[in-house]
Amino acid sequence: MKRYRDKMPVIKNKILPFGKKFFAINLCGLIFAKGECSEEILNHESIHSRQMLELLILPFYILYIFEWSIKILKYKDNYQAYKSISFEREAYANQKDLKYLEKRKPYGFIKYYIS
């Protein structure tokens, strides 16, 4: 059986995502990357796709931007704010586990709000 991340459309470009520290971004299941994506990066973005589906897409982006805005005020640093968003924390913590989505419980990102 083919894994979801193997079927994710990846658009290689030099513009998205913005910023030198960022390599790929998932916009509604479409991946924009600055080069070839490793299995780890695809897994990270697949975790975001699952998060989006659980929250019916638009609420995911609303919560993501809201949390990022709060973290910007707290840390006064864009990259640190980004890395501390619960959705990103779940994705980074599990991106090396290529079977994570098979065993992940629904709304797995919630525990990252608390810890």
Side-chain angles (χ1 to χ4, degrees):
M1 182 168 86
K2 250 189 157 177
R3 296 168 302 215
Y4 175 73
R5 69 179 166 272
D6 294 336
K7 298 184 261 179
M8 292 181 72
V10 178
I11 298 173
K12 294 177 205 156
N13 71 98
K14 295 180 182 188
I15 300 168
L16 288 174
F18 300 118
K20 293 179 182 181
K21 293 182 179 180
F22 304 102
F23 181 80
I25 187 170
N26 183 337
L27 299 174
C28 300
L30 188 60
I31 309 305
F32 291 88
K34 292 180 179 172
E36 208 61 44
C37 290
S38 67
E39 282 286 310
E40 205 171 282
I41 289 170
L42 290 174
N43 195 44
H44 179 104
E45 299 305 335
S46 295
I47 293 167
H48 286 320
S49 289
R50 181 72 57 85
Q51 294 164 341
M52 286 178 213
L53 290 173
E54 288 171 341
L55 294 172
L56 306 175
I57 300 174
L58 184 59
F60 168 84
Y61 288 106
I62 291 169
L63 285 171
Y64 192 104
I65 291 167
F66 177 75
E67 189 176 351
W68 176 78
S69 300
I70 298 298
K71 303 287 178 142
I72 279 282
L73 294 172
K74 179 179 179 180
Y75 296 115
K76 311 261 190 280
D77 177 87
N78 183 39
Y79 191 68
Q80 190 175 2
Y82 155 78
K83 291 286 278 195
S84 69
I85 295 169
S86 59
F87 299 115
E88 294 299 341
R89 291 178 61 213
E90 179 190 16
Y92 277 110
N94 298 289
Q95 69 186 11
K96 290 181 182 182
D97 181 356
L98 301 181
K99 295 186 182 258
Y100 176 68
L101 287 175
E102 295 171 21
K103 59 188 172 194
R104 179 185 181 266
K105 292 183 175 146
Y107 305 96
F109 60 87
I110 290 174
K111 72 178 181 180
Y112 294 90
Y113 275 114
I114 300 162
S115 60

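What you see is a predicted model, and the numbers here were worked out from it, not measured in a lab.
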Less than 6.0 angstrom separating the ring centers of Phe87 and Tyr112, yes or no? no
Atom pair [atom1] ([X]) and [atom2] ([Y]), whose distance is rounded to the nearest 0.5 Å:
X	Y	atom1	atom2	answer
Glu45	Ile41	CD	CD1	8.0 Å
Gln51	Leu63	CD	CG	10.5 Å
Glu40	Gln95	CD	CD	4.5 Å
Ile62	Leu55	CD1	CG	10.0 Å

If two hydrophobic side chains count as joined below 4.5 Å and joins carry through other members, does Tyr107 share a cluster with Phe66? no
Counting distance only, does the side-chain N/O of [X] pair as donor-acceptor with the main-chain N or O of [Y] below 3.5 Å?
X	Y	value
Tyr75	Ser84	no
Lys111	Gly108	no
Asn43	Glu39	no

Give me the atom names and distance for the closest heavy-atom approach of [X] to [Y].
X	Y	value
Met8	Ser46	SD-OG, 3.0 Å
Val10	Leu42	CG2-CD2, 3.8 Å
Ile57	Cys28	CG2-SG, 3.9 Å
Asn13	Ile11	ND2-O, 3.3 Å

[X] with [Y]: basic N within carboxylate O range, under 4.0 Å:
X	Y	answer
Lys103	Asp97	yes
Lys12	Glu36	yes
Glu54	Arg104	yes

Test of understanding: with side-chain hydrogen bond (donor to acceptor under 3.5 Å, both in side chains), list the residues that count as partners of Ser86, not counting sequence neighbours. Glu67
Could I get the full list of side-chain hydrogen bond (donor to acceptor under 3.5 Å, both in side chains) partners for Lys20, not counting sequence neighbours? none
Is any side-chain heavy atom of [X] closer than 4.5 Å to a side-chain heavy atom of [Y]?
X	Y	value
Gln80	Lys74	no
Asn94	Leu101	no
Pro9	Ile31	no
Trp68	Ile70	no
Phe60	Asn26	no

Do the ring planes of His48 and His44 sit parallel (below 30°), tilted (30 to 60°) or perpendicular (above 60°)? perpendicular
Check the angle between the aromatic planes of Tyr82 and Tyr79 and answer parallel, tilted or perpendicular using the 30° and 60° thresholds. tilted
For the pair Leu16 and Phe18, evaluate side-chain contact (heavy atoms from CB on, under 4.5 Å) and give the outcome as yes or no after the intermediate values. CA-CA 5 Å; Leu16 288 174; Phe18 300 118; 3.8 Å; yes
Is Ile15 atom CD1 crowded by more than 12 heavy atoms from other residues, nucleotides or ligands, each under 6.0 Å away? no
In terms of heavy-atom contacts, does OH of Tyr92 have more than 12 from other residues, nucleotides or ligands at under 6.0 Å? yes
Contacts of Lys34 meeting side chain to side chain contact (heavy atoms under 4.5 Å, CB included) (sequence neighbours excluded), chain-then-number -> Pro17, Phe23
Stepwise side-chain hydrogen bond (donor to acceptor under 3.5 Å, both in side chains) check, Tyr64 with Glu88: CA-CA 9 Å; Tyr64 192 104; Glu88 294 299 341; 2.6 Å; yes
Evaluate the criterion side-chain hydrogen bond (donor to acceptor under 3.5 Å, both in side chains) for residue pair Glu90 and Tyr113; output intermediate values, then yes/no. CA-CA 10 Å; Glu90 179 190 16; Tyr113 275 114; over 6 Å; no
Run the numbers on Tyr61 and Met52 for side-chain contact (heavy atoms from CB on, under 4.5 Å), then give the verdict. CA-CA 8 Å; Tyr61 288 106; Met52 286 178 213; 3.3 Å; yes
